[in-house]
There are 2 protein chains.
Amino acid sequence: MSVQERKQRERAERERLIVATARELAERQGWEAVTTRRLAESIEYSQPVLYSHFRGKREIIGAVALQGATELAAAVRAATSAADGPRARVAALAFAYLDFAARNPAVYDASFQLDGGLAYAQEDTPEPLKDAFAALLETLEGVAGGGVPPGLFTEVFWAALHGLATLTRAGRLLPEDAEARVELLVDRLAMV
Amino acid sequence: MSVQERKQRERAERERLIVATARELAERQGWEAVTTRRLAESIEYSQPVLYSHFRGKREIIGAVALQGATELAAAVRAATSAADGPRARVAALAFAYLDFAARNPAVYDASFQLDGGLAYAQEDTPEPLKDAFAALLETLEGVAGGGVPPGLFTEVFWAALHGLATLTRAGRLLPEDAEARVELLVDRLAMV
DNA sequence: CTCTGTTGTCTAGCAGTGCTAGGATCGACT
DNA sequence: AGTCGATCCTAGCACTGCTAGACAACAGAG
């Protein structure tokens, strides 16, 4: 069985290569530059190989999205655990979130803006997405305030961050006052 | 000169038809269904005619976006002027905004999500966009709270609404608790 | 009323997209 | 050593946004 195992390993390796390459390409030149032809060319295989791993382009975006969610969760947890006190932890969460979105625009888009064919807010939601939300919840549930369900509070806080992230990157908000906006958001929303 | 005037009128009329048709098509089947061929077919002209009015598809989206911004501003102003008291006016603004986004998803996307080739937050920003922001500002500047620039407060509030609108429509947030989320947002952000 | 020149429109086509059918090739097992 | 199945690629489909160039319609001049 070692032959088959080797083949499986190689297949899995190639799949990682596809996702990594798609991500790089998207981060470097935008998702509109990620075509099946260019992607196939980059991994030095023909187009149909992509379709032996993924149903289509959407699923490739979805794979990048899951990677992104995992990393976002890790970034948020790292930032919050390094901060002292509820107020500082919430602020650290917000800055970490926006920083991630700004540094990985293509990945962030894959996760929260593009259609990666993933289920959200449902039972069959992939684990990384649920975990990313959980990472936010862990810190935010402490500052939801009385009578407010932590989940609901987290959704609102998340939406605000998402709005700041997307509007800023789309040029709708000037990046200069980014910090002031975050401070205002944290001061008002978090009940410390 | 009346002949030329008539032609100009007809041209303007056809341009309105293009925008209206693109909007209908997008609202009915999504922007990905708005192709230059289908659009040309719908207005009963050939494709190149579109390019005698607009530089490309992006500009058509941009035209729909401007319409949308104008209507959004009107909807917000209508809702706020019908409400009594600062708290009620802010809530009315929020509900009107989200209602507009939910009822006109394609138009909302054109305005704030897709690339319509429009400038934002700059000097050469089209008037309808500036006015839509102004409509929010008019109501929100009264509840910004001391020491907080009204413009900054409006940006944050807008971002939160935008986040709620997009995440809800993308299936990231369940629509059930929509009202509770808005109430929470208004209660926390607005200093009545 | 005819001719002319401009203005407007359409046909046809380019280069690119996501995706797939079918043939070729390679290699693991009998 | 030969067979047969898995794997991969070539070629192509139907579509996209966009454009060059042929063609027709029509206002203005004579």
Side-chain angles (χ1 to χ4, degrees), chain A residues 1-19 21-23 25-26 28-65 106 109-110 114-118, chain B residues 1-19 21-23 25-26 28-65 106 109-110 114-118:
Chain A
M1 289 297 116
S2 116
V3 170
Q4 288 196 3
E5 284 177 8
R6 193 205 67 218
K7 287 203 171 184
Q8 270 192 332
R9 265 204 319 274
E10 289 174 354
R11 237 189 101 75
E13 178 52 36
R14 192 173 62 182
E15 190 159 317
R16 273 193 295 275
L17 178 63
I18 292 172
V19 176
T21 307
R23 177 177 176 163
L25 214 50
R28 203 136 34 88
Q29 309 188 257
W31 276 110
E32 74 281 354
V34 182
T35 69
T36 56
R37 266 168 252 269
R38 258 194 284 265
L39 187 49
E41 169 81 12
S42 293
I43 65 168
E44 296 182 318
Y45 280 95
S46 70
Q47 280 178 284
V49 166
L50 301 175
Y51 293 86
S52 75
H53 289 272
F54 302 95
R55 284 174 181 278
K57 193 183 171 182
R58 270 175 41 162
E59 270 198 5
I60 299 179
I61 296 176
V64 174
D109 279 355
L114 300 178
D115 179 14
L118 302 174
Chain B
M1 289 297 117
S2 116
V3 170
Q4 289 196 3
E5 284 179 8
R6 193 205 68 216
K7 287 203 172 187
Q8 269 193 333
R9 264 203 320 274
E10 287 173 355
R11 237 188 102 75
E13 177 54 36
R14 192 172 63 183
E15 190 159 316
R16 272 192 296 275
L17 179 63
I18 292 172
V19 177
T21 305
R23 176 177 177 164
L25 215 50
R28 203 138 32 87
Q29 312 189 269
W31 276 108
E32 74 281 355
V34 182
T35 69
T36 55
R37 267 169 252 270
R38 258 194 284 267
L39 188 48
E41 168 81 9
S42 293
I43 64 168
E44 297 181 314
Y45 281 93
S46 69
Q47 282 177 284
V49 166
L50 300 175
Y51 293 86
S52 76
H53 289 272
F54 302 95
R55 284 175 181 276
K57 193 183 170 182
R58 270 175 42 163
E59 271 198 5
I60 299 178
I61 296 176
V64 174
D109 279 355
L114 300 177
D115 179 14
L118 302 173

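Order of the sequence lines fixes the chain letters, A, B, ..., with proteins taken first and strands second; residue numbering starts at 1 for each chain.
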> What is the distance, to the nearest angstrom, from the CD1 atom on B:I43 to the C1' atom on C:dC10?
13 Å
> B:F54 has an atom CZ; how far is it from atom P of D:dG17, in whole Å?
15 Å
> Take atom CD of B:E10 and atom P of D:dA25, then tell me their distance rounded to the nearest Å.
16 Å
> Without decimals, in angstroms, what is the distance between A:E44 CD and D:dC9 C1'?
15 Å
> Check this one for me: any side-chain N or O of B:T36 less than 4.0 Å away from OP1 or OP2 of D:dC18?
no
> Using a cut-off of 6.0 Å, state whether more than 12 heavy atoms not belonging to B:E44 lie near its atom CD.
no
> From the list C:dT20, D:dC9, C:dC10, which nucleotide is the closest neighbour of the side chain of A:Y51?
C:dT20
> Counting only side-chain heavy atoms from C-beta out, which of D:dC18, D:dC8, D:dG12 sits nearest to A:R37?
D:dG12
> Please report the shortest heavy-atom distance between A:T21 and A:S42, naming the atom on each side.
CG2-CB, 3.5 Å
> Taking for each residue the nucleotide of DNA chain D bearing the nearest heavy atom, is the 5' side occupied by A:S52 or by A:Q47?
A:S52
> How many whole angstroms separate atom CD of B:E41 from atom C1' of C:dT11?
15 Å
> Can you tell which of C:dC10, D:dC9, C:dC19 lies closest to the side chain of A:Y45?
D:dC9
> Determine: side-chain N/O of A:R38 to OP1/OP2 of C:dT17, distance under 4.0 Å, yes or no.
yes
> On DNA chain C, does the nearest nucleotide to A:K57 precede the nearest nucleotide to B:P48 from the 5' side, or the other way round? Give the residue.
B:P48
> Provide, to the nearest angstrom, the distance between the CD1 atom belonging to B:I61 and the P atom belonging to D:dT16.
14 Å
> Which part of the nucleic acid, if any, lies within contact of B:R11, taking any heavy atom under 4.0 Å across all strands shown: a base, the sugar-phosphate backbone alone, or nothing?
nothing
> Whole-Å distance between D:dT16 P and B:E32 CD?
11 Å
> Look at the side-chain N and O atoms of B:S46 and state whether any lies under 4.0 Å from the OP1 or OP2 oxygen of C:dT9.
no
> Give a yes or no on whether A:R11 atom CZ has more than 12 heavy-atom contacts from other residues, nucleotides or ligands under 6.0 Å away.
yes
> Taking only Lys NZ, Arg NE, NH1 and NH2, and the carboxylate oxygens of Asp or Glu, determine whether A:E13 and A:R16 approach each other closer than 4.0 Å.
yes
> In this structure, how many angstroms lie between the P atom of C:dG18 and the CH2 atom of A:W31, rounded?
12 Å
> Kindly give the heavy-atom pair with the smallest separation between A:F54 and A:E59, and that separation in Å.
CA-OE1, 3.5 Å
